[in-house]
Amino acid sequence: MKLSKAYEPGQYEETIYALWEKSQAFTPQSGNGKPSFSIVVPPPNANGNLHIGHGLTNAIEDILVRYHRMKGYNALLLPGADHAGFETQVVYEKHLAKEGKSRFDFTREQLYDQIYEFVAQNRDNYEAQFRKLGAGIDWSRFTFTLDQKIVDRAYATFKQMWDDKLIYRGKRLVNFCTFHGTAFADIEVAYQEDAGHLWHISYPLTDGSGEVVVATTRPETMLGDTAVAVHPDDKRYAKYIGKTIHLPLTKREIPIVADAMVEQTFGTGAVKITPAHDPNDYEVAQRHDLPMITVIDHEGKMTDVPEAYRGLSVTDARKQVVADLEAASLLVKTEAVKHSVGHCYKCGTVIEPLLREQWFVNMQPLVKPAIKALEDKQITFYPDNKRTQLISYLQGLRDWNISRQIAWGIPIPAFQNIDNEDDWIFDDRVKEELIVVEGKTYRRDPDVFDTWFSSSSWPYATLDFPEGADFKEFYPLSVMDTGADILYPWVSRMIMFGLYITGEVPFKNVYLHGLVLDQHGAKMSKSKGNVIDPITKVEEFGSDAFRMGVIAGQTAGNNQPYDETKVIGARNFCNKLWNVARFIEDKLGDKAVSTVPQPQTPADHWMLSKLQQSTEVIGLYLESFRLAEAYDTIYHLLWDDFADWYIEASKEAHNPSVLAYSLETILKLAHPFAPFVTETIWQTLAWQPDSLLTTSDWPEPVTANAKQAKDFEAIKTIVTEVRVMARALKTNDLELQHSGEAFLNDHAAQIAKLAKITAVSEAPGGQGVKLIQSTYPCWLNVSTEKAQAYLKELDDQQTQQASIVQQLKKRLGNKSYVDNAPEAIVKQTKEQLAEAERLLQGIQEQKQRFS
RNA sequence: GGGUGAUUAGCUCAGUUGGCUAGAGCAUCUCGUUUACACCGAGAGGGUCGGGGGUUCGAGUCCCUCAUCACCCACCA
């Protein structure tokens, strides 16, 4: 016996992975004439450990790629790691804080180098974790988002957009985190309902003819007001339009303007306009050509305001302004309100809209082809509703701010003339701070790209667009699998960039998986302390068990709680596989076995037909991304069909070729789901020396004799019924008798063995309890007294069966059913009725005999 | 305010174009040391598919409506 008693994953996984790697099993060769199947792994952040979502992503991708590889595709799973600009810098800053330092202690260049070191240290850890997950990835193609080719790609894209006038620099309102000191894209702002106040403030008219009361949640911004707006149709304020107001706490006079943006029913119907600190007000200011006064700086301090407020934080200024207004009797009313406020998604600081010079991408020209591609279903989405959701997202998309004021990222390749601030040029000499072009000196923009800008090119940049062999072979990708949470920030942009740069959609299918929640259905987060580490689970239950456990029951687009009983079930599945192999090893030894099955008995034919059906079904499920159902199919094929029936039947008499063939087929079918245990068995048995299961061919279905296969179904029916009766009769000391049925004589030993009764034999008829389900007349030899225990069961069965018969009769008695339903369905119902009546009759006869 | 998803056995979830006498795993109950496996075997119980209406010969599946939960989006001053 080469296989030990129980499967212990920890003993084999590392060796098996090393074997795959050494054999370059996951390295496809371009141009080998096979159809290609490609997935590029969404690169996890290089700065930390993999979380359970990566475990799920890997499971899905690896199953798909392994299946296609065995199926004969030139299959690629390309790994990578993400520098994750802002996110990583935040992690590093926390790290610095522990040492009592902050980003202000270093220059951006120093910070960049330090973070580079920091990330490099985590790389080994990260790669080891991927190996533990059993990822069948091609390490030779590993790509980091700061690799030169990715940076070059980002620059080429930026340049092309620059030339196409899609890139512009503008002073716009941007979302700014005053803690982290950087701007964000709209999509990065986290909105939440906060409790606040609505302060009603009296603004006196300059001509002394009265006042206008405005309502605001941010009184401190009044210092930057440059107008008050009312709705043009609002009768209450019509007479004031065009007049001016004396802005309290300042010496400024501001106009009253009419703008349709104002909601008459909200607040007082009069709105203070602070163009430099509110997106709506900004637009009003543009329409009315109002000045913009910045009163809050990038650190969240008051600036360009009267002396009393200068340098105060926003919160302090708010208190002071409210107090001063109250003292001046200008505060009319204060009401508590709940309103949506934008926060930094990392530190929670309230996002300040600030006027900043930044680089923007004009999105409209990119959006249009993407919407068309989505509408034309050039990409299949799983689930499809995410496709339509994406269309409506794109329709409302605004220009994208791609400048970030952080150190860790790809420097923006743009330089500004030191003598003319409007003169910007593109140049990729980003290592230089100053360059001279045509006699003019330019200074590099200190900002870096939004990480999503470069990762939008991920599908083709990793494949060496435009000339690389990989690009020609593997683009567009077969599948993009990622979390539904990054549909907007990533998937949408890959589509837009892919179409813009390559002229093609970047992938043919998008599979969006949901989040893995904790046991109770709550989102996992470090702060809640409910994070589950996938590697711990891999070590506890085995890599195979972990992956099957997380994909079991998982469907596209739906979140799912982590359920350890599923992982345990999958661990048991591995052990079952292992023990089935042990049983067969015991029967066959390690002599080379023919892979051509030579079926003899009904059991043999039945097993082959099950293998054939399952092979087809698993293939269909995998090709339609229904992984959980594919797993379910292999699970029951192994457990129910093979172990519980075929192996049990083999204990009476075994067929070496069918046993061997079945095991090999099941190992292959199970391999994408349980790569380690299947390969371990394959290597240990070594029936085909020097071969790898992972690169072997997906099984070709073998046709079985349908009649013989059906005969085994008849045997199963008899066996099951005998087992049920034996339990009702509380004994196994039984003999199954019949009046000379050839079929029963032929399979007497088999039936007796499976049903665990004494014998199956010929006898004169009419004795004991007759089987009801079996179409072959036979009975168990029990005395009338003993059979009484069984009568009670019969009553229940009769009631049940009678109601089925009644239902079916009713259906067939309905003329419109018979007329309208498809013929096949009606035929089926008739057969069901015939069968139900046969069973009912059997029960009734039985009852009569014993009563 | 708009949108999406969910609601099926005690728990976690499947259920492709309507044909279901509604499934799985776990849990529960009964029995079992049978030539691999107790990470096992044999059997059993358990659901009017969130409520209400409709379309249809037929609805868990399609339509309307209500309820509850979750998530996303939006410029609620």
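Chain letters run A, B, ... following the sequence lines, proteins first and then strands; every chain starts at 1.
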Ignoring backbone atoms, test whether [X] places a side-chain nitrogen or oxygen under 4.0 Å from the OP1 or OP2 oxygen of [N].
X         : N      : value
Lys576(A) : G41(B) : yes
Lys5(A)   : C37(B) : yes
Arg723(A) : C31(B) : no
Asn558(A) : A14(B) : yes
Trp639(A) : G41(B) : yes
Asn385(A) : G5(B)  : yes
His636(A) : A24(B) : no
Thr565(A) : G25(B) : no

Inset, instruction - Report, as a single string ordered 5' to 3', how protein heavy atoms within less than 4.0 Å touch nucleotides 54-63 of chain B: B base, S sugar-phosphate only, - not at all. - result: ---B------

Please report, rounded to the nearest Å, how far the [atom2] atom of [N] is from the [atom1] atom of [X].
X         : N      : atom1 : atom2 : result
Ile187(A) : A74(B) : CD1   : P     : 8 Å
Arg626(A) : G15(B) : CZ    : P     : 7 Å
Leu515(A) : G5(B)  : CG    : C1'   : 13 Å
Tyr562(A) : C26(B) : OH    : C1'   : 14 Å
Arg398(A) : A74(B) : CZ    : P     : 8 Å
Tyr635(A) : G25(B) : OH    : P     : 6 Å

Inset, instruction - Name the closest nucleotide to the Gln807(A) side chain, picking from G43(B), A24(B), U21(B). - result: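 The answer is U21(B).
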
Legend entry - Between Asn814(A) and Arg811(A), a side-chain donor and acceptor under 3.5 Å: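 No donor-acceptor contact under 3.5 Å links the two side chains.
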
Inset, instruction - Check every strand shown and say whether Pro561(A) touches a base, only sugar-phosphate, or nothing at a heavy-atom separation below 4.0 Å. - result: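 Sugar-phosphate only.
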
Inset, instruction - Not counting sequence neighbours, which residues clear salt bridge (Lys or Arg N to Asp or Glu O under 4.0 Å) with Lys528(A)? List them please. - result: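 Result, salt bridge (Lys or Arg N to Asp or Glu O under 4.0 Å) vs Lys528(A): none returned.
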
